[in-house]
Undergrad: 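Pasting a structure here, questions to come.
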Protein chains: 2
Amino acid sequence: MRLTAKGRATRQRIIEGAAAYLRSDDPAGVTLDDIRAITGTSKGQIFHYFPDGKEELFLAVARFEADRVLDDQQPHLGALTSWAAWERWRDSVIARYRAQGRNCPLGALMSQVGSTPGANEVVSTLLNRWQFHVREGIAEMQEAGLVRASVDADRVAAAFIAGIQGGVQVLRSTGSIAHLEASLDTLIDHLRG
Amino acid sequence: MRLTAKGRATRQRIIEGAAAYLRSDDPAGVTLDDIRAITGTSKGQIFHYFPDGKEELFLAVARFEADRVLDDQQPHLGALTSWAAWERWRDSVIARYRAQGRNCPLGALMSQVGSTPGANEVVSTLLNRWQFHVREGIAEMQEAGLVRASVDADRVAAAFIAGIQGGVQVLRSTGSIAHLEASLDTLIDHLRG
DNA sequence: CTTTTTCTGGACCGGCTGGTCCACTGTGGT
DNA sequence: ACCACAGTGGACCAGCCGGTCCAGAAAAAG
């Protein structure tokens, strides 16, 4: 599919409009017609830019949102080289999800598109990159002698990822951010030894 | 609504049949007609026993499954009074979710019924009871002098809940149970100090 | 045995939603 | 000027799915 500048702009408008919609409103039943209305486009355009329809569009939105998740944690996530940096990262994660509240765009997408290979791939990629940064941070702290060498960096990084995911899920269900905080704080405590 | 013995049996058959279906098959798009077919009932019966339709039925199934989640961890979860007991509990959780694999009945229900008050209440109740047992376990370990008193039992219990939830979610997305294991092991390590 | 209530089966409906189709318009290249 | 193709709009369709309704069987009540 060849795209002109105008075409690329429209395609992007659809993705970002859909993402904005998911971030603001109840995402339980997102329909193509909702997105069409919000982005000021037509059915023809949606299927022109996303020939495979709903799934292709939603996966594009999911990838867009997945990038945002990591971007929102930068520059902290990329430089976990001191306890202060870890605290700043912690705060940025809490702040991000507190602002997001109960609406989780990625979660909404995933429950819509189900567990297709494409969806799993988006989530896996995000979690892998996320965990990679945390693991790097732990390893650097160990090299600097700030974290004991007996800590299994990969395992604890996995625990961070799981704790964050679970904390966000609890936030979505109960509206309380306490679990996310507890998870991050406990694991950082664990690193401090 | 008055129920005879036969009626109660049918109602239960619907709930348990639906639960079994969610446990085995891809639960992305569960429809009332699926449940009707599997349980060998008719539309009339479903709406007879669950007048509010889909949501009422699905919440009943969710409550049923939520009870199972805790039951499957007993008797270990109720008596976390030694390190051996904690390990047994850990193993039972891992075993349960390894057996369950990618199909998470409760998760499927929740993504179907959305974030209605009823659904949130079911999840909140489950998580609260779960966390209560873990907190009690930590407190007992502290009283026995096996865990240092400086540990905030409630906070670490919350971290356990978040870690488990996140681990299960990663399992659903990637099929790997590593995150669940990492989370439990890291937090138990943390308790060991 | 009659009456009343519960239980069961399934035909039917209305609306929603993803997806198709086609006509029309813009636009860039030659 | 022309042409080919990208972009746009929206009417239309088919299937699905939650939900309604009613008629008849079974069983409790009297």
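Residue numbering restarts at 1 for every chain, and letters A, B, ... go by the order of the sequence lines.
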Undergrad: Let me have the donor-acceptor pairs involving side chains of residues 152-168 of chain A, under 3.5 Å, with sequence neighbours excluded, atom names and distances please.
TA:
from	atom 1	to	atom 2	distance (Å)
A:Asp152	OD1	A:Asp154	N	3.2
A:Asp152	OD1	A:Arg155	N	3.1
A:Asp154	OD1	A:Arg135	NH1	2.5
A:Arg155	NH1	B:Asp185	OD2	3.1
A:Gln165	OE1	B:Gln169	NE2	3.2

Undergrad: What does the B/S/- profile of nucleotides 9-20 of chain C look like, 5' to 3', with a 4.0 Å heavy-atom cutoff to protein?
TA: BB------SBBB
Undergrad: Taking only side-chain N and O atoms of A:Tyr49, does any of them lie within less than 4.0 angstrom of OP1 or OP2 on D:dA6?
TA: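 Looking at the OP1 and OP2 atoms of D:dA6, neither is under 4.0 Å from any side-chain N or O of A:Tyr49.
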Undergrad: Quick check on C:dC7: is either OP1 or OP2 less than 4.0 Å from any side-chain nitrogen or oxygen of B:Thr10?
TA: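 Negative; the distance criterion is not met.
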Undergrad: Test your reading of the model: is there a side-chain donor-acceptor pair from B:Ser24 to the backbone of B:Tyr21, 3.5 Å cut-off?
TA: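 Yes: the side chain of B:Ser24 pairs with the backbone of B:Tyr21.
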Undergrad: Are any side-chain N or O atoms of B:Glu87 and backbone N or O atoms of B:Trp83, one a donor and one an acceptor, separated by less than 3.5 Å?
TA: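 It does not hold such a pair.
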Undergrad: Per the salt bridge (charged side-chain N to carboxylate O under 4.0 Å, His left out) rule, what does the pair list look like for residues 99-114 of chain A, sequence neighbours excluded?
TA: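 For residues 99-114 of chain A: none.
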Undergrad: Looking only at side chains, do A:Gln12 and A:Arg8 share a donor and an acceptor under 3.5 Å apart?
TA: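 Note: A:Gln12 and A:Arg8 side chains miss the donor-acceptor criterion.
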Undergrad: What string of B, S and - do you get for nucleotides 23-29 of chain D 5' to 3' if you count protein non-hydrogen atoms under 4.0 Å?
TA: ---S---
Undergrad: How many whole angstroms separate atom NE2 of A:His48 from atom P of D:dC5?
TA: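 One finds 13 Å between P of D:dC5 and NE2 of A:His48, rounded.
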Undergrad: Any side-chain hydrogen bond (donor to acceptor under 3.5 Å, both in side chains) pairs touching residues 27-39 of chain A, not counting sequence neighbours?
TA: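 Of all non-adjacent pairs touching residues 27-39 of chain A, those that pass side-chain hydrogen bond (donor to acceptor under 3.5 Å, both in side chains) are A:Asp33-A:Arg36, A:Thr39-A:Thr41.
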Undergrad: Taking CZ from B:Arg36 and P from C:dT8, how many angstroms apart are they, rounded to a whole number?
TA: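 After rounding, the reported distance stands at 14 Å.
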Undergrad: Does a side chain donor of either B:His179 or A:Gln131 reach within less than 3.5 Å of an acceptor in the other side chain?
TA: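 Judged by distance alone, the side chains do pair up.
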Undergrad: Which pairs of donor and acceptor atoms, one on a side chain in residues 140-147 of chain B, lie under 3.5 Å apart (sequence neighbours left out)?
TA:
from	atom 1	to	atom 2	distance (Å)
B:Gln142	NE2	B:Arg148	O	3.2
B:Gln142	NE2	B:Val151	O	2.9

